[in-house]
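Okay, so here's the structure we're looking at.
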Amino acid sequence: MRSGTGIGTVRRRLHHSDVGCIRSENYETSGLDGLDEPLLGKRDYDDKHSEGRVMEEIWDDERKKEQLHWTLLFSNLIAQWAQWIANLVFGSGSFIVRHIPLLSNTKNRSNPKLIVPTLSPLQEERLRNLQQRLGVPFDGSRVDHQDALKLLWRLAYPDRELPPLKSELWKDMGWQGPDPSTDFRGGGFISLENLIFFAKKYPESFQRLLHKQDGNRADWEYPFAVAGINISFMLTQMLDLQSGKPSSLAGIRFLKLLGEDEMALDDLYCVAFQMMDAQWLVKRASYMEFNDVLKSTRTQLERELSLEDVSTVKDLPAYNLLRR
């Protein structure tokens, strides 16, 4: 950890060559699978986290942690309740499906097949544009990609000098090494766009997650930037966005969101990142448990997407966790 930066964040340096290595085979092999070394270093507190904090600030932190805890539990309860009702109704055979995803009767009733709804011209265009974004790898030699990385730094640290594209300072943001371009891999350029979108649209949540300001943090924290790339990859897999037309339950529901908002994936990314951090705090997780937290985040997000009254990202219960 570098000193004299004026940033009192709780961060850890990565010390494992496979961290952030995203494979394309399936979700289970994305990101932080198979880690066998912890993040290293000691805590670095600023004035807010020093022993001299006033009692009011301590109580404020506890209230915020409690609010995150109950919001997450409540949204989880709603999603599980809705899923239970849906299973009960579908199992009775007395319900005519009126909303996506649609189910068709097959010879094997125990394995119903999802029917992808007919897309509107607007949905088709937006899906095509999104898939084009997904097909762009991060290229450290491209000036526009370099500029995007610089923009992310300025948004993250407006009061700090922009470092060279290869510098140990990038580790402060949670990159694996001094060259962030080596960490994108399967995440592609869209994962950088996701981070920039998050920083612009929800700056308060972005800063609180970057600086680990909510709740009682683990001694070994997840690396912010690399976690963000893993979340982008997780969403791509969960929503089945790399196929011609999404056919997974979550992917079909996402098409509805995309019809309402062209930036639905970017907004969903922000919700997923905030949800992941809330799960992290509730589970009292540490670095070695990141992959488990990411998997439970995916499960929770799939449940919320399955809710019948969700037509935009803002309708998701976990959206209330975000702060501008």
Side-chain angles (χ1 to χ4, degrees), residues 5-12 43-50 53-54 56-75 148-160 162 170 172-175 191-218 221-232 235 257 261 263-282 285 293-294 297 300-301 304 312-324:
T5 61
I7 302 296
T9 63
V10 183
R11 292 182 294 266
R12 294 294 176 273
R43 282 186 180 272
D44 180 20
Y45 290 97
D46 63 4
D47 292 339
K48 277 190 175 182
H49 295 87
S50 67
R53 285 197 308 174
V54 296
E56 287 81 2
E57 289 176 319
I58 297 176
W59 280 109
D60 186 54
D61 283 348
E62 290 301 315
R63 282 193 295 270
K64 289 176 180 176
K65 179 184 176 183
E66 184 177 1
Q67 182 181 14
L68 280 172
H69 174 81
W70 287 110
T71 300
L72 184 64
L73 289 182
F74 183 64
S75 65
L149 197 56
K150 293 175 183 177
L151 174 59
L152 178 62
W153 178 275
R154 294 190 184 98
L155 292 169
Y157 306 113
D159 299 325
R160 296 177 63 178
L162 178 67
W170 287 100
D172 291 351
M173 194 186 292
W175 298 102
S191 58
L192 178 55
E193 292 180 315
N194 291 154
L195 282 167
I196 291 173
F197 181 90
F198 192 10
K200 286 184 174 180
K201 188 166 184 179
Y202 305 100
E204 182 178 350
S205 284
F206 179 89
Q207 290 292 332
R208 297 192 73 83
L209 267 61
L210 170 64
H211 300 305
K212 306 296 193 302
Q213 292 176 333
D214 289 326
N216 294 324
R217 316 301 306 198
E221 277 292 308
Y222 64 83
F224 177 80
V226 174
I229 293 176
N230 277 269
I231 291 172
S232 294
L235 288 176
L257 309 186
D261 179 11
M263 304 305 292
L265 179 66
D266 299 82
D267 270 316
L268 191 61
Y269 170 87
C270 300
V271 172
F273 210 141
Q274 184 69 70
M275 181 188 289
M276 184 277 293
D277 191 76
Q279 293 259 9
W280 181 271
L281 293 175
V282 169
V293 173
L294 191 61
T297 299
Q300 173 64 15
L301 199 56
E304 294 200 7
T312 70
V313 174
K314 292 182 179 180
D315 295 330
L316 295 170
Y319 181 82
N320 295 318
L321 295 172
L322 286 172
R323 287 174 281 181
R324 292 179 182 270

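Note that these values count all heavy atoms, side chains included, but never hydrogens, waters or copies made by symmetry. Sequence positions, counted from 1, serve as the residue numbers for this chain.
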(message) Less than 4.5 Å apart, side chain to side chain, heavy atoms only: is that true for F206 and K201?
(response) no
(request) With sequence neighbours left out, write down each residue that passes side-chain hydrogen bond (donor to acceptor under 3.5 Å, both in side chains) with Y202, or none if nothing qualifies. (result) D267, Y319
(request) First locate atom NZ of K150, then atom CG of L162, and finally report the distance between them rounded to the nearest 0.5 Å. (result) 6.5 Å
(request) Compare every heavy atom of L195 with every heavy atom of A225, then report the nearest pair and how far apart it is. (result) O-CD1, 4.4 Å
(message) Going by side-chain hydrogen bond (donor to acceptor under 3.5 Å, both in side chains), name the residues that satisfy it together with D315, two or more places apart in sequence or in a different chain.
(response) S311, T312
(request) Kindly compute the distance separating OH (Y157) from CG (L152), expressed to the nearest 0.5 Å. (result) 9.0 Å
(request) Indicate yes or no: at least one non-hydrogen side-chain atom of V271 is less than 4.5 angstrom from one of L321. (result) no
(request) Measure the spacing between OG of S205 and CD of Q213 and express it to the nearest 0.5 Å. (result) 10.5 Å
(request) Step through it carefully: locate the ring centre of F198, locate the ring centre of F273, and say whether they are under 6.0 Å apart. (result) yes
(request) Go through the steps to decide whether V313 and E304 satisfy the test side chain to side chain contact (heavy atoms under 4.5 Å, CB included), and finish with yes or no. (result) CA-CA 10 Å; V313 174; E304 294 200 7; over 6 Å; no
(message) Using side-chain heavy atoms (C-beta onward) and a distance below 4.5 Å, is L235 in contact with L301?
(response) yes
(message) To the nearest 0.5 Å, what is the distance between CG on L322 and CD on Q274?
(response) 5.5 Å
(request) Could you pull out the closest heavy-atom pair between L210 and M173, with the gap in Å? (result) CD1-CG, 4.1 Å
(message) Using every non-hydrogen atom in the two residues, find where M276 and V293 come nearest and quote the distance to one decimal.
(response) O-CG1, 3.6 Å
(request) To the nearest 0.5 Å, tell me how far W280 CH2 sits from L209 CG. (result) 11.5 Å
(request) Find out whether the Lys NZ or Arg CZ of K212 is both under 6.0 angstrom from the six-membered ring centre of Y222 and within 45° of the ring's axis. (result) yes
(request) Could you tell me whether D266 and K200 have a side-chain N and a carboxylate O separated by less than 4.0 Å? (result) no
(request) Please identify each residue that fulfils side-chain hydrogen bond (donor to acceptor under 3.5 Å, both in side chains) with S232, with sequence neighbours left out. (result) N194
(request) Give a yes or no answer on whether the side chain of Q300 reaches the backbone of M275 with a donor-acceptor pair at less than 3.5 Å. (result) no
(request) Check whether any side-chain heavy atom of L257 sits under 4.5 Å from a side-chain heavy atom of D261, and report yes or no. (result) no
(request) Quick one: closest heavy-atom pair of I231 and A272, and the distance? (result) CG2-CB, 3.9 Å
(request) Kindly give the heavy-atom pair with the smallest separation between A285 and A218, and that separation in Å. (result) O-CB, 3.1 Å
(message) Check this for me: does any side-chain nitrogen of one of R160 and D172 sit under 4.0 Å from a carboxylate oxygen of the other?
(response) yes
